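Report on one structure; see the data block that follows.
The figures here come from the full heavy-atom set of this structure, side chains too, leaving out hydrogens, waters and symmetry mates. We count residues from 1, following the sequence as given. Here the structure is a predicted model, which is why all the values come from computation and not from measurement.
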Amino acid sequence: MMEDLSQRSLSVTRMFNAPINLLWQVLTTADYIKDWWGPDGFTNTIRIMEVSEGGKWEFTMHGPDGTDYENVFIYREIVPLKKIVMDHLADPKFTISIRLFDEGEQTRMEWQNTFETVADFKLAVDTFKADEGLKQNIERLAAYINTLTQ
C-alpha cells in the first residue's frame with residue numbers, strides 16, 4: 001500500500017510575471033536551465049536533455065563546496081506548455097511534476113516533488129535539505145525569469 005502522499009511530497013505554487021511560452025522555454029532548454037537549476041551557489045553541466053516522453057536528462061550539479069552531484073531523470077510525461085513529469089533515477093528516488101497555467105501575461109506554476117516512500121522523503125529533507133533546496137530552486141528560477149523580462 002502506498003504511503004500517504006502528503007507525508008512524502010514537497011509542493012510549491014508560484015506566480016511568474018512572464019508568459020507561459022517563456023516559462024516553458026526556461027524549463028525545457030539546456031541553455032537556460034543550466035543557469036538557474038539547483039539550490040543557491042550551484043552550477044550545472046548538462047550532458048543530455050531530451051525533452052520528450054521517455055527522453056533522458058543527464059547532468060552534473062556542481063555544489064559551491066566543489067562536490068559534484070550526478071543526476072539522471074527520465075521524462076515520463078510531456079504536455080507542451082502545460083505539464084512536465086520526470087523521474088529521478090538515483091536514490092533517493094522521486095518524481096518531479098510541474099504544471100503550468102496560462103494567466104495572460106502571467107503564469108502560475110505548481111511544482112511537486114513526490115518521493116517513493118516516507119523514509120525517502122525524510123532522508124531527502126533531513127540529509128540533503130530538499131525542502132530548502134526546492135525553495136531556493138524556485139527563487140533562482142524567478143530571478144532568472146526576471147532577467148529575461150526586464
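Shown here are the salt bridge (charged side-chain N to carboxylate O under 4.0 Å, His left out) partners of Lys135, two or more places apart in sequence or in another chain: there are none. Residues forming a side-chain hydrogen bond (donor to acceptor under 3.5 Å, both in side chains) with Thr60 (at least two apart in sequence, or on another chain): Arg47, Glu70. Evaluation of the side-chain hydrogen bond (donor to acceptor under 3.5 Å, both in side chains) rule for Thr107 yields no partner, not counting sequence neighbours. For Gln7, there are no side-chain hydrogen bond (donor to acceptor under 3.5 Å, both in side chains) partners at least two apart in sequence or on another chain. Checked against salt bridge (charged side-chain N to carboxylate O under 4.0 Å, His left out), Glu139 has the following partners two or more places apart in sequence or in another chain: Arg14. Taking the side chain to side chain contact (heavy atoms under 4.5 Å, CB included) definition, one finds that Pro39 meets it with Phe42, Met61, Gln136, sequence neighbours left out. Legend: residues meeting side-chain hydrogen bond (donor to acceptor under 3.5 Å, both in side chains) with Trp111, ordered by chain and number and at least two apart, are Asn113. Looking at residues two or more places apart in sequence or on another chain, you find a salt bridge (charged side-chain N to carboxylate O under 4.0 Å, His left out) between Arg76 and Asp87. Glu77 pairs by the salt bridge (charged side-chain N to carboxylate O under 4.0 Å, His left out) definition with Lys83, not counting sequence neighbours.
Residues Phe128 make up the rest of the hydrophobic cluster containing Leu123, defined by ILVMFWY side-chain heavy atoms closer than 4.5 Å, directly or through other members. Other cluster members for Leu89: Val72, Ile74, joined by side-chain heavy-atom distances under 4.5 Å among Ile, Leu, Val, Met, Phe, Trp and Tyr.
One N or O on the side chain of Arg140 and one on the backbone of Gly38 form a donor-acceptor pair closer than 3.5 Å. Formation of a donor-acceptor pair under 3.5 Å by the Glu110 side chain with backbone atoms of Thr13 is not found in this model.
For the pair Trp57/Ile33, a side-chain contact is recorded, criterion being any heavy-atom separation below 4.5 Å from C-beta on. Side-chain contact check for Thr114 versus Arg8: some heavy-atom pair is nearer than 4.5 Å. Counting heavy atoms from C-beta outward, Phe59 and Met49 have side chains that stay 4.5 Å or more apart. A heavy-atom distance below 4.5 Å is found between the side chains of Leu100 and Leu27. Looking at Asp102 and Leu81, their side chains never come closer than 4.5 Å, going by heavy atoms from C-beta outward. The side-chain heavy atoms of His88 and Phe73, taken from C-beta on, include a pair separated by under 4.5 Å.
Hydrophobic cluster membership differs between Val118 and Ile96, with clusters built from Ile, Leu, Val, Met, Phe, Trp and Tyr side chains linked at under 4.5 angstrom. Note: the hydrophobic cluster containing Ile20 also contains Ile98 (ILVMFWY, side chain heavy atoms under 4.5 Å, direct or indirect links). When hydrophobic clusters are built by joining Ile, Leu, Val, Met, Phe, Trp and Tyr residues whose side-chain heavy atoms come closer than 4.5 Å, directly or via intermediates, Leu10 is grouped together with Leu141.
With 3.5 Å as the limit, one finds no donor-acceptor pair spanning the side chains of Thr29 and Asp31. Residues Gln112 and Ser11 bring a donor and an acceptor atom of their side chains to less than 3.5 Å of each other.
Rounded to the nearest 0.5 angstrom, Glu105 CD and Leu22 CG are separated by 10.5 Å.
Under a 4.0 Å N-O distance rule, the pair Asp91/Lys93 qualifies as a salt bridge.
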* After noting the C-alpha distance and the side-chain angles of Ile78 and Thr28, does the key distance pass the side chain to side chain contact (heavy atoms under 4.5 Å, CB included) rule? -> CA-CA 10 Å; Ile78 299 292; Thr28 60; 5.9 Å; no

* To do: Please step through side chain to side chain contact (heavy atoms under 4.5 Å, CB included) for the pair Lys34 and Thr45, ending with a clear verdict.
  => CA-CA 7 Å; Lys34 70 176 177 52; Thr45 301; over 6 Å; no

* Asked: Step by step, would you call Ile145 with Val26 a side chain to side chain contact (heavy atoms under 4.5 Å, CB included)?
  -> CA-CA 8 Å; Ile145 290 283; Val26 168; 3.9 Å; yes

* To do: Check the pair Asn137 / Trp36 against side chain to side chain contact (heavy atoms under 4.5 Å, CB included), numbers first and verdict last.
  => CA-CA 7 Å; Asn137 196 34; Trp36 64 266; 3.5 Å; yes

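Pairs of residues two or more places apart, or lying in two chains, that qualify as side chain to side chain donor-acceptor pair (under 3.5 Å) and include a residue from residues 15-26 are Asn17-Gln106.
Ring planes of Phe121 and Phe115: perpendicular class, angle over 60° (limits at 30 and 60°).
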